[in-house]
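The structure appears right after this line, and notes come after that.
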Amino acid sequence: MIKFRAPRNKRVLILTHHNADIDALSSAYVLGNFLKSFGNEVSIGTSESVARQCKKIVELACIDVEIDPDCNNYNYIAVVDTSSYEQLKTVKNLKKVNLLIDHHHGNEIEARVKIVDVDAKSTSTIVYEILKRRKYSFNEVERKLLAAGIVSDTAHLRFANSRVLRALAEILKDEIELRDVLALITVEEDISDRIACLKAARRMEMYRFGDLIVVFSRLGSHEAIASRALVKFGADIAIVMAKKENELRISSRAREKVVKRGVNLAEIFREVGKYIDGYGGGHDLAGSCNGKVKSYKEVRNFILSLLVKKLGKFKRVKV
Ligand SMILES: [Mn+2]
C-alpha cells in the first residue's frame, strides 16, 4: 500500500466521476473529513451531476457537492473513484492531480500519488484501510457511508472478497446493522414507474420458445423501466411498446442466458427500427428503437419472426 503525505493548510478539492455514485461520494466525504483534520479547507466536486441513488447519503452526511468546479480555485486536487479524464470532462481547468485513489482497471489518470487497487472492489475500502492505518477515528456517519460505498459497489456484496468483507465487518463493528446500510442505498421507485410496471404486467402476452419465456406488452410511456421489471418478474426477454402521438418507441431487456442462444437485442432492434421507419440499437441485453406508428400486432409478429430465426418454434401461453 502506497502511503501519501497529507497536505496541510491547503484549499483542497476532491473530485469524483460524473453522475457521482454512492462509493464516489462516500469515499470523497470521508477522505475530506480526514484532510480537514490537517487544517485544510475541503470541497467535494463532480462533473455534471450526482446520481439519484445518493439522495439518502447526501442528506445523512449533509454533503455539499459542487457541480463542475473550477480547479483554479484550489491548490490541492484529489481524485477518487474515477478512472478516466472523460469522466471529469466538464470540470474546469483540471491539470495537475496531487492524489488519486481508485479501484478501476486501466486507470488512465496521472497523479503525483496514484493509489489504484482493483482488489479492493470499492474506493471506500481503500479509504477505510488507509485512514485506519493512520489511526483515524471514524464517526458513525462516516462508517455508514463507507459501508454503503462497499455494499453498493460490490452489488450487495456479490463481488466482495474476504478482504472487503473484513473491512466491512470492522466498519460496522457492533454498532451498525447491515440492513441499515442497505436501507441507505435503496431508492424507492417513483410511483408513476411502479404503476407503469404493474400495467405492463397486466397487459402482457407470453410466448415460449422451449424453455425461454418471451413477453410483450404496451404502455403509453415508461417502456424502458417496464421491460426491465418484466425480466425481473420472470421473463427471459421482455419487449414493451409505447405509442406517443406519431411515434412508436420500443424497449427490450433480456436475461444473460439468451446471449448463448444467439439472441442479441441490439441487432434485433436495429432490424425492428428499420421496419418501423426509424432507428434502433442498444446492447446485447437491452435493445430499443423508435420510429413511425404501426399496429402493435404487426410489430409483435415481426419481432417474433426475428426470434424464430434464432430460437426456433414458439407457442403462445395464455395469461
Ligand atoms: Mn467505485
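In what follows, every heavy atom counts, from backbone to side chain, and hydrogens, waters and symmetry copies are set aside. When a ligand or atom number is given, it counts from 1 through the structure's own listing order. Positions are given from 1, in the same order as the sequence printed here.
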Presence of N, O or S from [X] under 2.8 Å of the Mn ion (ligand 1):
X: Asp153; value: yes
X: Asp102; value: no
X: His103; value: yes

Does OH in Tyr85 sit with more than 12 non-hydrogen atoms of other residues, nucleotides or ligands closer than 6.0 Å?
yes

Lys10, NZ: over 12 other non-hydrogen atoms inside 6.0 angstrom:
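Result for NZ/Lys10: open.
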
Just to confirm my numbers, could you give the angle made at the Mn ion (ligand 1) by OD1 of Asp81 and OD2 of Asp23, rounded to 10°?
80°

Aromatic contact between Tyr207 and Phe209, with the criterion being ring centroids under 6.0 Å apart: yes or no?
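That pair fails the under 6.0 Å test.
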
Mind running side chain to side chain contact (heavy atoms under 4.5 Å, CB included) on Val272 and Ile303 for me, showing each step along the way?
CA-CA 7 Å; Val272 182; Ile303 297 170; 3.8 Å; yes

